[in-house]
Amino acid sequence: MNVRQFDSYEAMSRYAAFSVATQIRQKPDSVLGLATGSTPIGLYDGLAQLYQEGLISFRRVTTFNLDEYYGLPAEHPESYHAFMKRYLFSKVDIPAAQTHLMDGCAKDPAEECRRYDAAITAAGGLDLQVLGIGFDGHIGFNEPGDSFAVDCHLVQLDPSTLAANARFFGGDPAKVPASALTMGLRCIMGARHILLLCNGPEKHAILKQAIGGPVRPEVPASILQLHPNVDVLFF
Ligand code: GLP
């Protein structure tokens with residue numbers, strides 16, 4: 001793991017944006033795994049700026065998002081579909097057909113997960129995966145558990161995750177969807193390069209466990225220690 005500390009959120013985001021931009025310039029048809037949450041917003045702003053400056057194009061890029069709330073339609077303002085449109089897809093030249101998210105309203109979540117895993121495999125896997133980290137060590141919505149969840153799956157969100165994400169739902173944890181669809185750890189670990197972003201000092205304790213503690217399913221992000229090409233960025 002390459003671990004880099006920055007002075008500020010802005011500096012971390014700028015570095016992350018240049019990393020993703022380098023990937024796109026080296027391979028214009030890159031397959032990117034993307035994250036939501038407050039962490040990558042600065043990265044997406046940076047990418048939108050680099051696009052506006054004519055330094056990168058998303059015309060041949062394909063994206064797969066990590067997760068989506070189960071039960072939220074794509075049009076809901078707090079869906080991850082809406083998030084991605086708001087912060088990135090509406091600001092760059094990526095064709096909509098090349099952006100992929102799980103359908104939060106899929107009637108058969110297991111079938112939707114099989115479809116999603118197969119689509120990632122058919123695209124040749126992920127060249128670069130962007131990750132944030134949850135307070136409980138989750139990546140995507142792979143919550144702490146008794147074993148590492150390998151495939152895309154429907155997950156019951158941890159009470160700490162509901163509490164952390166309540167700020168997007170009027171401050172009420174009961175309004176946060178109780179479950180979500182998430183990419184599993186096989187796809188994430190199959191990415192050829194991973195950028196893990198850690199958003200602020202309040203996450204230093206969980207980051208320390210993830211990158212310096214034992215690899216164990218109680219801290220899902222700790223599995224990244226077994227990946228050969230991870231950049232950990234924090235401030
Ligand atoms: C969210 C997302 C994760 C994200 C994490 C951290 O709920 N599902 O992909 O990395 O939790 O969120 P934030 O970046 O807002 O701190």
Side-chain angles (χ1 to χ4, degrees), residues 6 8-10 12-13 16-17 20 32-46 63-72 76-84 86-88 100-102 104 109 113 116 120 126 128-145 149 152-173 175-185 187-189 191 194-207 209-211 219-224 230-235:
F6 296 85
S8 64
Y9 176 73
E10 290 69 30
M12 178 183 80
S13 300
V20 177
L32 304 180
L34 299 179
T36 52
S38 46
T39 307
I41 292 175
L43 155 64
Y44 297 150
D45 283 349
T63 64
F64 288 92
N65 263 80
L66 280 169
D67 44 21
E68 179 56 286
Y69 287 115
Y70 191 56
L72 282 198
H76 190 287
E78 292 308 330
S79 77
Y80 289 160
H81 281 78
F83 176 102
M84 290 309 302
R86 185 156 64 238
Y87 289 110
L88 186 65
H100 303 274
L101 288 100
M102 282 164 268
C113 284
Y116 203 68
I120 295 171
L126 305 166
L128 172 62
Q129 175 66 59
V130 175
L131 294 174
I133 183 169
F135 280 104
D136 60 358
H138 71 234
I139 46 178
F141 270 134
N142 288 279
E143 294 282 29
C152 173
H153 61 286
L154 178 68
V155 60
Q156 295 304 310
L157 298 179
D158 203 84
S160 69
T161 301
L162 298 177
N165 289 3
R167 65 192 193 278
F168 300 114
F169 292 86
D172 182 359
K175 294 216 173 95
V176 184
S179 56
L181 297 170
T182 183
M183 197 188 277
L185 295 170
C187 272
I188 294 173
M189 290 295 282
I194 294 177
L195 268 186
L196 173 67
L197 276 59
C198 176
N199 191 8
E202 59 282 6
K203 287 202 178 150
H204 284 183
I206 190 64
L207 182 67
Q209 287 191 53
I211 66 178
V219 183
S222 65
I223 200 170
L224 299 173
V230 182
D231 285 313
V232 179
L233 315 182
F234 75 106
F235 69 96

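Residue numbers start at 1 and run along the sequence shown. Both ligands and their constituent atoms are indexed starting at 1 by order of listing. Just so you know, these numbers come straight off a predicted model, no measurement behind them.
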> Which residue pairs pass the salt bridge (Lys or Arg N to Asp or Glu O under 4.0 Å) test when at least one of the two sits in residues 130-145, sequence neighbours left out?
Replying inline: none

> Applying a heavy-atom distance cut-off of 4.0 Å, which protein residues contact ligand 1?
Replying inline: T36, G37, S38, T39, D67, Y80, G132, I133, H138, G140, F141, N165, R167, K203

> Can we call the ring centroids of F168 and Y69 under 6.0 Å apart?
Replying inline: no

>> Test of understanding: with ring-ring contact (aromatic ring centres under 6.0 Å, His included), list the residues that count as partners of H138, not counting sequence neighbours.
In response: F141

>> Would you say that N199 contacts S38 through its side chain, given a criterion of any heavy-atom pair below 4.5 Å between the two side chains?
In response: yes

> Residues in ring-ring contact (aromatic ring centres under 6.0 Å, His included) with Y116, at least two apart?
Replying inline: F64

>> Working to the nearest 0.5 angstrom, can you tell me the gap between L34 CG and Q129 CD?
In response: 7.5 Å

